Amino acid sequence: MNDTGIIGPASSGLRGEIILPGDKSISHRAVMFSAIAQGVSRIRNFSGGGDNRSTMRVFQALGVEMTQTGTEVLVTGRGWGGLCPPQATLDCGNSGTTMRLLSGLLAGRPFVSRLDGDASLRSRPMARVITPLREMEADIVSEGGEHRAPLRISGHALHGIPYRSQVASAQVKSAILLAGLQAEGRTTVSEPIRSRDHTERMLPAFGATLTVNDLEVTIAGGQELQACDVEVPGDLSSAAFFIGAALMIPGSELYVRGVGLNPTRTGVLDIFRAMGGTITVLNEREVCGEPVGDVLVRSGSLVGVELDEALVVRAIDEIPIVAIAAAVARGVTTIRGARELRVKESDRLQALALGLAALGIQVSELPDGLIIEGGTFQAGRVQSFDDHRIAMAFTIAGLAGTGEIVLEGVSCVDISFPGFYKGLRDLTGPITKLP
Ligand code: S3P
């Protein structure tokens, strides 16, 4: 299969409205919590991305009934006891969230499951969930060695623990909370910087009790969930590529309706504003416990910024598009405290450094970040390393540049945003060259 795309400079600014997929993180949790709840849950605006399809498939393999009509999913949960021993390996595809949250969820179920994924997922660190779950008495064997997938989980009774996580990771926090929900006694998890809090917001909607105290979340074991209807907000992480493009490409005026504005996720808006971007938030409201709003973006000139770890955590998946914006901004951008990017779907610091350099941008790679000198994108050849966010980021670089770029590995955008190229075509006009 030819998975290479050619992207040319945008023939016009982005003008109009973008239709977003539902938030990926919230879609995962909506399916998982519905699957272990009692009753029928209705999920609206479910993301059709590959990662969320992996989560659906896994729960179907665990015997949970689901029907999907467009972006609506009905999940018939039969409580914890409704999950059945899987007949085959549970394929988590490319999705770290699926594998890590599932590890906590299945550690307390009375059967054996085996979790696996693609080459990228097999290379990602799982010690961050295996270590705390083993402290809770979980029986998890890493068949991949060195705490890598495949993981064999022999589920049985767990006990609650206090756990201080060294990484600010919502996947780790959520895995421990899902184990804690079934454990005997109380579980407390704390993290160095608050990561996204969708789990803490959504579990109470399914009837669970938990307490949040600054950087600490405590949950009592032995809880049952009740079905709940979830309306998933638009995905800010997907919107960020369009927002970045609209800021960079002259003549843009973009409207983004119904996007999630959870403060643990809005670092990208703060960064773009600090770079001089004109971003207006309108109609702020709350939908199913999550802040949501509309965003209006106009193009303008950008300046370099300095990012620290606290801001990086709130923009962890958006650093690729921030790096692209930094490459056309006036002055230097320094990104630090972003070591976690090395263990995402690819080593994103390396992928960005290689791609930016290939397009004529001055860039230095740090152990935990990047220093990017603003300039102009030239024609060149870039690899996505089959990482959806790297592919989308360099697509925007192509649109904002002066020559054609050849991008190797474009189909991976389907992992989070199947409508990405169509959305760009609709907004930039038919003569812009896109895959
Ligand atoms: C996610 C948490 C983040 C993020 C990922 C989705 C989640 O990962 O990068 O795309 O849904 O919990 P970490 O928990 O590893 O930071």
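Side-chain atoms are counted along with the backbone in the values below, which use heavy atoms only and exclude waters and symmetry mates. Atoms within each ligand, like the ligands themselves, are counted from 1 in listed order. Just so it is clear, the structure is predicted and the values come from calculations on it, not from any experiment.
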Exercise. What residue and atom, counting heavy atoms only, is the protein's closest point to atom 10 (O) of ligand 1, and at what distance?
Worked result: D317 OD2, 2.7 Å

Seminar exercise, completed: atom 15 (O) of ligand 1: closest protein heavy atom, distance to 0.1 Å, is K344 NZ, 3.3 Å

Exercise. Taking all atoms of both residues into account, what is the closest heavy-atom pair of V64 and T76, and its distance?
Worked result: CG1-O, 3.7 Å

Exercise. Can an N or O of A170 be found at a distance shorter than 3.5 Å from an N or O of ligand 1?
Worked result: yes

For this session: For R109 and Q182, test the side chains for any donor-to-acceptor distance below 3.5 angstrom and give the result as yes or no.
Result: yes

Exercise. Taking NZ, NE, NH1 and NH2 as the nitrogens, is one of them in E200 or R194 under 4.0 Å from a carboxylate oxygen of the other?
Worked result: no

For this session: Check whether any heavy atom of R196 sits under 4.0 Å from an atom of ligand 1.
Result: yes

Exercise. For S25 and ligand 1, does the shortest N/O to N/O distance drop below 3.5 Å?
Worked result: yes

Exercise. Taking atom NE2 of H159 and atom CD of E184, what is their separation to the nearest 0.5 Å?
Worked result: 8.5 Å

Exercise. Charged N to carboxylate O below 4.0 Å: is that the case for D23 and R265?
Worked result: yes

Exercise. What are the atoms of ligand 1, with element, lying closer than 4.0 Å to any heavy atom of I316?
Worked result: 9 (O)

Problem set entry | Nearest-contact summary for atom 6 (C) of ligand 1 - protein heavy atom, Å | T97 OG1, 3.5 Å

Problem set entry | Residue, atom name and distance, where the atom is the protein heavy atom closest to atom 1 (C) of ligand 1 | Q171 NE2, 3.6 Å

For this session: Using only heavy-atom distances, determine whether the side chains of Y163 and T131 contain a donor-acceptor pair under 3.5 Å.
Result: no

For this session: Verify whether one side chain among S165 and R128 offers a donor that lies under 3.5 Å from an acceptor in the other.
Result: no

For this session: Look only at interatomic distance and state if E340 has a nitrogen or oxygen under 3.5 Å from any nitrogen or oxygen of ligand 1.
Result: no

Exercise. Does ligand 1 have any atom sitting under 4.0 Å from a heavy atom of R29?
Worked result: yes

Exercise. Step by step, would you call T199 with L210 a side-chain contact (heavy atoms from CB on, under 4.5 Å)?
Worked result: CA-CA 10 Å; T199 297; L210 54 79; 5.8 Å; no

Exercise. Is there a nitrogen or oxygen of S169 sitting under 3.5 Å from a nitrogen or oxygen of ligand 1?
Worked result: yes

